[in-house]
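Accompanying notes for the structure given below.
Per chain, numbering begins at 1; letters A, B, ... match sequence-line order.
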Amino acid sequence: MRTVAMNFPILQVPRFRIHALASSCFESFHSLSRTGGNNSSFRILGCSTHGLEGEHGNRRWSRRPITTKTEGRNKKTLTSKTSNLRQEISDGSIATSNKLNINKSEISEFQRTQCCDIKQNIGESRDLFGLVTVIVFDIETTGFSRVNDGIIEIALQDLQGGENSTFQTLVNPERYVPNTTVHGISTQMVSKPGVPRMKDLIPILMQFVKSRQKPNGPVLWIGHNARSFDVPFLINEFTRCSFEIPPDWLFMDTIPLARQVIKSRGLKLPQKVSLEALREYYQIPLIGSAHRAMSDVYTLSMIVQRLSFDLKLPVSGFIEKSFSASDLSNVKKKNNSG
DNA sequence: TGCCAGGCCCTCTTTAGGGCCTT
């Protein structure tokens, strides 16, 4: 089986060594290895207080492949729905579905599961890795304007791995796609029957994320330039479709992390921090076509691992650097009033 | 008529300007 890991110095050492390196400094995270294929591609080797293989200070840790079949994760109610959902995803499109019986009341119930202070709760938790669902995501759009342009493709990957850990679909923006040369996605492609509109997709997307979410834990969405581009786009699309971003969704932008790595190595900004530049910097091979959402997600997943390692940044550090949808809304209001 | 994204960061800086980054 071909493995991307072959090309990474960090991954050329035995896994237990990788884990030892990571765990020697921090509580958990960032040892994920690609196991091939488009689905279930990653396993994160977490550490916890239930140890088998090493120590972190006085704490024992274990190398524990985590799968989506974890007991107590809404398994009965969500697994079957997710399986149906996966079956409907083919050739880059999702059939709009009523089979999931998702309605707004269900979504509202989900939204009511609020965390008063998510960051604080996370910070107080010792088993961060077992609490946070880390999702790397990317979107393709018809342009840069969050007001005038629309999403035409979305892909995400739960870094926990396991079955159904990826989600990818084209989206019908109900308008002409002017920038086909950028991503290869044409008006014809997104206008095909079966390609969902955003308002059809959001409930399915939320159901997927909910199926991956750990009990009482937040979802951390990681994107490249997410603060300025992806997240505002998502917020606008949710608002336009009369949905709200769930309050237990947090977001993190990898660009500040990349800048931090550059500075930590004594390099001067502006060093390139584009996804392409970082891919080359870390010698990550391109999987699929650049500027297709899933391909960029695979690339960013590897970059996240490397940034995490270089910065010695565990999940708790990611949470500290995260922001919420309301944070962006507040900034916008503040700017408008000013 | 002309413009047309916007947030972040750096510097020849901070009551600013320009480049990067996303599609």
How far, in whole Å, is [M] from [N] if one measures between their [atom1] atoms?
N	M	atom1	value
B/dC8	B/dC3	P	27 Å
B/dC20	B/dT1	C1'	30 Å
B/dC10	B/dC4	P	26 Å
B/dT14	B/dC9	C1'	13 Å

Considering every strand and a 4.0 Å limit on heavy-atom distances, what is the contact class for [X]: base, sugar-phosphate, or nothing?
X	value
A/His291	base
A/Asp138	sugar-phosphate
A/Ile139	sugar-phosphate

Rounded to the nearest Å, what distance is computed from the [atom1] atom of residue [X] to the [atom2] atom of nucleotide [N]?
X	N	atom1	atom2	result
A/Ile152	B/dT22	CD1	P	16 Å
A/Asp253	B/dC21	CG	P	12 Å
A/Phe323	B/dC8	CZ	P	9 Å
A/Ile262	B/dC8	CD1	P	18 Å
A/Asn236	B/dG6	CG	P	10 Å

Reckon A/Arg227 has a side-chain N or O less than 4.0 Å from the OP1 or OP2 of B/dC8? yes
Pairs meeting criterion side-chain hydrogen bond (donor to acceptor under 3.5 Å, both in side chains) with involvement of residues 178-188 of chain A, two or more places apart: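 Output for this query lists A/Asn179-A/His183.
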Side chains of A/Ser165 and A/Asp158: do they bring a donor and an acceptor to under 3.5 Å? no
Could you check whether any side-chain heavy atom of A/Leu170 comes within less than 4.5 Å of a side-chain heavy atom of A/Lys192, counting everything from C-beta outward?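 The answer is no; the side chains never approach within 4.5 Å.
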Apply side-chain hydrogen bond (donor to acceptor under 3.5 Å, both in side chains) to residues A/Asp327 and A/Ser324 and explain how you reach the verdict. CA-CA 5 Å; A/Asp327 288 339; A/Ser324 66; 3.3 Å; yes
So, under a plain 3.5 Å distance rule, would you say the side chain of A/Asp230 forms a donor-acceptor pair with the base of B/dT22? no
pi-stack flag for A/Phe144 and B/dT22, centroid dist under 5.5 Å, interplanar under 30°: yes
With sequence neighbours excluded, what pairs up with A/Glu276 under the salt bridge (charged side-chain N to carboxylate O under 4.0 Å, His left out) test?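 Testing A/Glu276 for salt bridge (charged side-chain N to carboxylate O under 4.0 Å, His left out), a comparison that skips the adjacent residues, returns A/Arg279.
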